[in-house]
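Notes follow the structure.
Quick note: numbers below take in every heavy atom, side chains included, and nothing from hydrogens, waters or symmetry partners.
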Amino acid sequence: MSLFAEVIANDRPILVSYDGGLYVPVLVTYPETTFGGEFPTEADYRDPYVRELIAEKGWAVWPPLRYSYRTINYDLKVPAPAPPSTANWLGTDDQGRDVVARVIYGFRISVLFGLTLTALSTVIALAAGAVQGYFGGWVDLGMQRFVEIWSSLPTLFMLIILASVITPSFFWLLGFLLIFSWMGMSQLVRTEFLRARNLDYVRAAKALGAPDAAVMVRHVLPNALVATLTFLPFNMAGGITALTALDFLGFGLPPGSPSLGELLNQGKANLQAPWLGLTGFFVIAITLTLVVFIGEALRDAFNPRKGLG
């Protein structure tokens, strides 16, 4: 559902009918003059004047929540952060932005980040671990020393240096964490390949002249995938936690981006507004719990050793 956050929480209508024409403000930016206004700038659909112009010659379909992650509620009756109310179901942050909208958009970014990081790191880990475990010898020894040296690098300090040179973004953080996140799973894949490379069916396939790539992919990899699938939910949870921690420390997404870590940081800075910290905590805790449960279900579904009974 969070993939369609723009039609769930937005300060623009989903569809507008005006003077016989149909407009989609949620996807296209229209100037105020399109709806009979005076300014050629982007229409502010929360402005009562613009709403009256649209109502005179048409209608508008709004999302269930009329706030985007960047929308500031200027109609607050108390100083921000405002407590939960009928207008802001989980209150606002210290800049007057709706917490529910920021949670929806922040949840989407966190899950997409975790899924992408897990998928890419799994591909690298499978390739590296398979080569190490299947060939062994000097190949395994050399790659193992490289992994030991690479894993000893201080990731956080390097990220702090990177943040001082460039402005971190979604893809910068993804690429930086990717070069370190594949090592744990690769050791698991290496162990499975080391165990399976001398089994009878693998030796028989090699004796029949099957190429190494076919033996690795067709005969050894399916058994190694069971342990890999077990590791996947924890890898994804680690990616979500890493992004949250970086945003909490101020080295994550650019300022203003919807982020669960930034919400936790606001909860720490505004102890008089407990809804901020509690919302961030429960969203992250429930998300990580469900990720692990889904991973366990996938492990059981793809386990070739699990019988139908």
Side-chain angles (χ1 to χ4, degrees), residues 1-76 86-93 95-120 167-175 239-240 243-244 247 252-263 279-280 283 287:
M1 291 179 62
S2 67
L3 290 177
F4 305 97
E6 284 77 10
V7 297
I8 298 175
N10 209 324
D11 54 3
R12 300 180 179 184
I14 301 175
L15 185 66
V16 171
S17 174
Y18 181 80
D19 199 15
L22 289 178
Y23 304 91
V24 190
V26 73
L27 299 178
V28 183
T29 300
Y30 299 103
E32 186 179 303
T33 53
T34 305
F35 307 106
E38 301 177 359
F39 300 104
T41 55
E42 180 182 355
D44 182 8
Y45 300 95
R46 294 177 56 84
D47 188 349
Y49 174 70
V50 176
R51 292 205 301 265
E52 291 177 1
L53 290 176
I54 296 175
E56 287 177 0
K57 297 184 179 181
W59 44 264
V61 178
W62 283 86
L65 187 64
R66 298 190 180 187
Y67 298 98
S68 181
Y69 68 90
R70 61 182 180 272
T71 305
I72 299 177
N73 186 359
Y74 292 103
D75 299 326
L76 293 176
T86 55
N88 304 105
W89 302 337
L90 291 177
T92 68
D93 61 7
Q95 298 183 33
R97 298 170 298 189
D98 186 73
V99 173
V100 176
R102 293 189 66 81
V103 163
I104 294 174
Y105 284 87
F107 175 83
R108 179 174 66 176
I109 289 180
S110 298
V111 173
L112 288 178
F113 186 88
L115 282 173
T116 308
L117 182 64
T118 301
L120 296 178
T167 301
S169 63
F170 181 91
F171 294 102
W172 270 108
L173 294 174
L174 180 66
I240 296 175
L243 180 63
T244 302
D247 288 332
L253 298 173
S257 301
S259 167
L260 300 179
E262 191 260 350
L263 184 62
T279 300
V283 169
T287 299

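The minimum heavy-atom distance linking P168 with L173 is given by the pair CB-CD2, 4.0 Å. Contact between A60 and V16 at its shortest, heavy atoms only, is CB-CG2, 4.0 Å. Heavy atoms only, all atoms of each residue included: L112 and T116 are closest at O-OG1, 2.7 Å. Closest of all the heavy-atom pairs between I104 and A5 is CG2-CB, 3.7 Å. Nearest heavy atoms, Y45 versus I54: CD2-CD1, 4.0 Å.
Going from atom OG of S2 over to atom CD1 of I109 covers 10.0 Å, rounded to the nearest 0.5 Å. Atom CG of L263 sits about 10.5 Å away from atom OG1 of T244, to the nearest 0.5 Å. Taking CG of L3 as the start and CZ of F107 as the end, the distance is 9.0 Å to the nearest 0.5 Å. T279 contributes atom OG1, which lies 4.5 Å from atom CG of L90 (distance to the nearest 0.5 angstrom).
Taking the side chain to side chain contact (heavy atoms under 4.5 Å, CB included) definition, one finds that A87 meets it with Y67, S85, sequence neighbours left out. Under the side chain to side chain contact (heavy atoms under 4.5 Å, CB included) criterion, S169 pairs with W172, sequence neighbours left out. For R108, the side-chain hydrogen bond (donor to acceptor under 3.5 Å, both in side chains) partners two or more places apart in sequence, or in a different chain, are E6. Every residue two or more places apart in sequence or in another chain that forms a side chain to side chain contact (heavy atoms under 4.5 Å, CB included) with W89 is listed here: L65, V100. By the ring pair (Phe, Tyr, Trp, His ring centres under 6.0 Å) test, F170 is found to be paired with F113, residues two or more places apart in sequence or in another chain being considered. Applying the side-chain hydrogen bond (donor to acceptor under 3.5 Å, both in side chains) criterion to S68, with sequence neighbours excluded, gives no partner residue. Under the salt bridge (charged side-chain N to carboxylate O under 4.0 Å, His left out) criterion, D93 pairs with R97, R102, sequence neighbours left out. For E52, there are no side-chain hydrogen bond (donor to acceptor under 3.5 Å, both in side chains) partners two or more places apart in sequence or in a different chain. Partners of S110 under the side chain to side chain contact (heavy atoms under 4.5 Å, CB included) rule, at least two apart in sequence or in another chain, are I240, L243, L260. Applying the salt bridge (charged side-chain N to carboxylate O under 4.0 Å, His left out) rule to E56 yields no partners; only residues at least two apart in sequence or on another chain are considered. Here N10 pairs with nothing under the side-chain hydrogen bond (donor to acceptor under 3.5 Å, both in side chains) rule; sequence neighbours left out.
In this structure the side chain of D98 never reaches within 4.5 angstrom of the side chain of T71, judged on heavy atoms.
The main-chain N or O of A9 is found under 3.5 Å from a side-chain atom of Y105 such that the two form a donor-acceptor pair.
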Per-pair distances, 0.1 Å, donor-acceptor, side chain in residues 21-44, under 3.5 Å, sequence neighbours excluded:
residue : atom : partner : partner atom : Å
Y30     : OH   : V24     : N            : 3.2
E32     : OE2  : E38     : N            : 3.3
T34     : OG1  : P31     : O            : 3.2
E42     : OE2  : R12     : NE           : 3.3
E42     : OE2  : R12     : NH2          : 2.4
D44     : OD1  : R46     : N            : 3.3

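For the side-chain contact (heavy atoms from CB on, under 4.5 Å) test with D247, the passing option among S259, P258, S257 is S259; the others fail.
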